[in-house]
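What follows is one structure encoded as structure tokens, with my remarks underneath.
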Protein chains: 2
Amino acid sequence: MNKINIPQNTPLISYETLLEQFKQLLKKNNLKFTKQREVILSTLYNHEGHFTPEEIYQIIKSENPDLNTGIATIYRTLSLLENANIATSISFGTQGKKYELGVKAHHDHIICTKCGKILEFFDESIEKKQEKIAKSLGFKMEDHIMKIFGICPECQENK
Amino acid sequence: MNKINIPQNTPLISYETLLEQFKQLLKKNNLKFTKQREVILSTLYNHEGHFTPEEIYQIIKSENPDLNTGIATIYRTLSLLENANIATSISFGTQGKKYELGVKAHHDHIICTKCGKILEFFDESIEKKQEKIAKSLGFKMEDHIMKIFGICPECQENK
DNA sequence: CTTATTGCAAACGTTTTGCACGTTT
DNA sequence: AAACGTGCAAAACGTTTGCAATAAG
């Protein structure tokens, strides 16, 4: 019997711990710890949701107007964070990618096609099955997306 | 025991039936049936797999050199087919979208994040589980999307 | 003082659009 | 004849890159 629980979408670790991990990662690769890199990391930590590089750029521009951060740096840092598994991305059609912090509890989405409501869920047996499928096809699994579409209880009533 | 791998799926209906559906759709929307639109439809029907607009453009260029089909028409027709649920698309990051015919047996996708290769699979137990999850959250399930991302056997070797 | 990082602007690849001409109805 | 569709080239879009100036170690 698998529990279908709705995880909270707050990060699993404190910002201090995350920052420390990030600094160690940088040191290990002879990379430098810059104000820009820290601001991008903290912005991802402090904002819930999925953001395009452009959106992150705008947030930083308004919250840190003093630091004149270029969009190229956003892209470069997001790639860095993604390669380090600190951030993850999802592609949204032709319009590009959206990033979120990778250190959150994994979850999938169920979406109401009438009102657009989104709930999150997690199912252990599906997760395991996906690993199994990837393995059987010779793939090294990295990530997955699962979305269920349907009509939510409220919208079923107000028909 | 669930069957996991399925061969790249063949269409469920004959080309004649599909073409007839397409013509009716066009008529219903006061759109015109053109040689270009037919060639794009038949190309999708006759080629198994998932193709970028550019790839479809190249196939048509070599198989129908007489018909001077522009890439813009490929894009416009693919959108049309997708909106009509005759074709479906998958986006893979910055590299764009790949299209396939939508009139196939239901299946999910596993996608190589290095080379963009797409395989199809179907797993009965996951399908059942999804129904169960939707039900437990009070949703009336309509559809779902599942994509697994990873690195394919070939790309694991050529690292 | 050495090396990595930055912002800027130009380059890039994919997708969309404006337009005059062609085709379908 | 009217209306939609076409190819073409230009524009738009998100992303990447070359470079000289700057900041971190």
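In the text below, chain A, chain B and the rest are named by the order of the sequence lines, each starting its count at 1.
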**Study point:** Any side-chain heavy-atom pair of A:Leu26 and A:Lys32 under 4.5 Å
**Key:** no

Review point. When the distance from CG of A:Leu81 to P of C:dT5 is rounded to whole Å, what number comes out?
Key: 13 Å

Point to revise | Nearest-nucleotide 5' precedence on DNA chain D, B:Leu26 against A:Pro53 | key: B:Leu26

Point to revise | Note, B:Ser125 side chain near A:Lys129 side chain (heavy atom, < 4.5 Å) | key: yes

Check your understanding: Tell me: CD1 of A:Ile74 to P of C:dT6, nearest whole Å?
Key -> 10 Å

**Study point:** Side chain to side chain, A:Phe149 and B:Ile145, heavy atoms closer than 4.5 Å
**Key:** yes

**Study point:** Charged N-O contact under 4.0 Å between B:Glu124 and B:Lys128
**Key:** yes

Check your understanding: Can you find a pair of side-chain heavy atoms, one from B:Leu101 and one from B:Tyr45, that are under 4.5 Å apart?
Key -> yes

Check your understanding: Is there side-chain contact between A:Asp108 and A:Asp123, with at least one heavy-atom pair below 4.5 Å?
Key -> no

Study note, to complete from the structure: Whole-Å distance, B:Leu78 CG to C:dT16 P, equals 10 Å

Check your understanding: Hey, does B:Glu54 reach any base, or is it just sugar-phosphate, or nothing, if we go heavy atoms under 4.0 Å?
Key -> nothing

Practice item. Please check if B:Tyr99 and B:Leu41 belong to a single hydrophobic cluster, counting links between Ile, Leu, Val, Met, Phe, Trp and Tyr side chain heavy atoms closer than 4.5 Å. Key: yes

Point to revise | Side chain to side chain, B:Gln130 and B:Ile126, heavy atoms closer than 4.5 Å | key: yes

Point to revise | Distance in angstrom units between B:Tyr75 OH and D:dG5 P, rounded | key: 20 Å

Practice item. Assign A:Arg76 to base, sugar-phosphate, or nothing according to its heavy-atom contacts below 4.0 angstrom with the strands shown. Key: base

Review point. Once you build an axis from the first five pairs and another from the last five of the helix from C:dC1-D:dG25 to C:dT25-D:dA1, how far apart in angle are they, to 10 degrees?
Key: 30°

Pairwise N/O distances under 3.5 Å, protein to nucleotides 20-25 of chain C:
from, atom 1, to, atom 2, distance (Å)
C:dT24, OP1, B:Lys35, NZ, 3.3
C:dT24, O2, B:Lys32, NZ, 3.0
C:dT25, OP1, B:Phe33, N, 3.4

Review point. Using a heavy-atom distance cut-off of less than 4.0 Å, which residues of residues 58-73 of chain A contact DNA chain D?
Key: A:Ala72

Study note, to complete from the structure: When rounded to whole Å, the CD to C1' distance for the pair B:Glu82 and C:dT15 reads 13 Å

Practice item. Answer yes if the side chains of A:Thr73 and A:Gln36 hold a donor-acceptor pair under 3.5 Å, and no otherwise. Key: no

Practice item. Can you tell me the distance, in whole Å, between the NZ atom of B:Lys28 and the P atom of D:dC4? Key: 18 Å

Check your understanding: Between B:Gln58 and B:Phe51, is a side chain to side chain contact (heavy atoms under 4.5 Å, CB included) present by the stated rule, with each step listed?
Key -> CA-CA 10 Å; B:Gln58 293 302 339; B:Phe51 303 99; over 6 Å; no

Review point. Over how many whole Å does the gap from B:Lys97 atom NZ to C:dT15 atom P extend?
Key: 8 Å

Review point. With no hydrogens and no angle check, do the side chains of B:Glu55 and B:His50 hold a donor and an acceptor under 3.5 Å apart?
Key: no

Review point. Tell me: CD of A:Glu38 to C1' of C:dT6, nearest whole Å?
Key: 17 Å

